[in-house]
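What follows is a set of notes on a single structure, which appears directly below.
The figures that follow rest on heavy atoms only: side chains count, while hydrogens, waters and symmetry mates do not. Just so we're clear, the structure is a prediction, and the values are computed from it rather than from any experiment.
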Number of protein chains: 2
Amino acid sequence: MKIKELEQLLSARHIKPTAMRLLVLEYLQQQNAAVSLKEAEEAYEKADRITLYRTLKTFEEKGLIHHIDDGSGATKYALCEEGCQCAPEDLHVHFHCNSCQKTFCMPKVAIPAFQLPSRFNLQEINLMAKGICADCF
Amino acid sequence: MKIKELEQLLSARHIKPTAMRLLVLEYLQQQNAAVSLKEAEEAYEKADRITLYRTLKTFEEKGLIHHIDDGSGATKYALCEEGCQCAPEDLHVHFHCNSCQKTFCMPKVAIPAFQLPSRFNLQEINLMAKGICADCF
DNA sequence: TTCTAGATTGCAATACCGTTGCATGCCCTA
DNA sequence: TAGGGCATGCAACGGTATTGCAATCTAGAA
């Protein structure tokens, strides 16, 4: 993707497009699985761990990416769909492969509705499915 | 609950009933919310943190309790229902209160079915709902 | 009862992840 | 060009999970 397009993606979320951020955004777009801070760090050895951490944090605050807690111990991050506001109705299932340890967004698998007892006020939902992914099957 | 009953619960899961384990089991039964290692530690100051950790780990391996990753950073534990094998069909929703930070099992709220793409093999499911619990509402 | 093997417990130490403070550097604007 | 604000990089810290090893306990055999 051209730099201009990347810059537009950042600007659309009100994120100032710095060199670092463009690199990280490009990297995230190239992934088909969610990435941990450590993975991103290893992909760009030049980059500082903390700066990467803060870059991801900024991206998340601005709604460009969302984090996934897959139980592996390390938080992972993946790009949001265009127009996603991370509201409950935008949420999708995440799948963690117990074989290759990768974590995937399944944007087409919506989280099915369920009924909580009354007086339980729902704000967020997170559905982690685990098993063996298509590549490892 | 009488000690004999506690011992039977442990024996039924092939766990040798030691004094420590009986205490921890009794403690777990008294909770209405899932407990973290830290909370258990504070409840029994005499007990060693690592022993508690390993006790919980043993309980989990034997299917007496299950752990819940509620995103708070600390793993929490709660008793399994009687006869639970922690298979996908045994699974229930967990609710984390963003106000009091407690995490509850909702054994009556089953996780609704959803369709993964073919060749994705499902082994575990974890559905975390977050919001405001009935007590804090 | 005594002995022994194996399991359990307790202490110490470690690894890892997330997070914050502070100083420096860059960019944009007035 | 000078100044303010944001971004970056380095160092340090805190918390949780985890392992190694030695001491202790338990259960079963002799």
Side-chain angles (χ1 to χ4, degrees), chain A residues 3 6-7 9-11 13-27 34-62 64-78 96 101 103 126, chain B residues 3-4 6-8 10-11 13-27 34-62 64-78 96 101 103 126 128:
Chain A
I3 290 191
L6 295 173
E7 284 181 350
L9 272 177
L10 291 178
S11 298
R13 299 281 186 172
H14 306 102
I15 304 167
K16 202 185 289 184
T18 66
M20 178 88 223
R21 289 170 177 174
L22 290 169
L23 270 179
V24 174
L25 175 56
E26 188 184 34
Y27 170 70
V35 296
S36 65
L37 180 57
K38 198 181 168 197
E39 285 164 345
E41 192 187 340
E42 286 164 358
Y44 289 96
E45 295 184 14
K46 294 168 288 186
D48 178 63
R49 214 181 99 248
I50 286 85
T51 303
L52 265 169
Y53 167 72
R54 280 195 269 233
T55 299
L56 292 171
K57 202 123 204 232
T58 301
F59 283 7
E60 186 176 20
E61 277 167 14
K62 301 294 187 176
L64 186 61
I65 64 177
H66 59 281
H67 79 262
I68 307 152
D69 200 349
D70 63 7
S72 69
T75 306
K76 300 195 177 162
Y77 300 88
H96 178 75
Q101 307 299 322
T103 298
N126 180 18
Chain B
I3 289 191
K4 278 228 169 160
L6 294 173
E7 284 181 351
Q8 283 173 2
L10 292 177
S11 299
R13 300 281 188 172
H14 306 101
I15 304 168
K16 203 184 290 183
T18 66
M20 177 89 222
R21 288 168 177 174
L22 290 170
L23 270 180
V24 175
L25 175 56
E26 189 185 33
Y27 170 70
V35 297
S36 65
L37 179 58
K38 197 181 168 196
E39 286 165 344
E41 191 188 341
E42 286 164 358
Y44 289 95
E45 296 186 12
K46 295 169 288 186
D48 178 64
R49 217 182 96 249
I50 286 85
T51 304
L52 265 169
Y53 167 73
R54 281 195 268 231
T55 300
L56 292 172
K57 203 122 203 234
T58 301
F59 282 7
E60 186 176 21
E61 278 167 14
K62 302 295 188 177
L64 185 62
I65 64 177
H66 59 281
H67 79 262
I68 306 153
D69 199 350
D70 63 7
S72 70
T75 305
K76 300 196 176 161
Y77 300 89
H96 177 76
Q101 307 299 323
T103 297
N126 180 20
M128 276 301 316

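With sequence neighbours left out, the side-chain hydrogen bond (donor to acceptor under 3.5 Å, both in side chains) criterion links Asp70(A) to Ser72(A), Lys76(A), His96(A), Thr103(A). Contacts of Ser11(A) classified as side-chain hydrogen bond (donor to acceptor under 3.5 Å, both in side chains), with partners at least two apart in sequence or in another chain: none. Here Glu7(B) pairs with Ile3(B), Pro17(B), Leu22(B) under the side-chain contact (heavy atoms from CB on, under 4.5 Å) rule; sequence neighbours left out. Take Ala47(A) and apply the side-chain contact (heavy atoms from CB on, under 4.5 Å) test, not counting sequence neighbours, and it matches Met20(A), Tyr44(A), Leu52(A).
Side-chain N/O atoms of Thr18(B) include one lying less than 4.0 angstrom from OP1 or OP2 on dT9(C).
Checked by atom type and distance alone, the side chain of Glu39(B) pairs as donor or acceptor with a backbone atom of Ser36(B) at under 3.5 Å. In terms of modelled atom types and a separation under 3.5 Å, the side chain of Arg21(B) and the main chain of Lys16(B) share a donor-acceptor contact.
If you walk DNA chain D from 5' to 3' and mark each nucleotide with an atom closer than 4.0 Å to a heavy atom of chain A, the marks span dC6(D) to dA11(D).
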One character per nucleotide, please: for nucleotides 13-30 of chain C, 5' to 3', B when the base has a protein heavy atom closer than 4.0 Å, S when only the sugar-phosphate does, - otherwise. ----SBBBB---------

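Distance check, rounded to the nearest 0.5 Å: CG of Leu37(B) to CD of Glu42(B) gives 10.0 Å. A distance of 9.5 Å separates CD1 in Ile65(B) from CG in Leu25(B), rounded to the nearest 0.5 Å.
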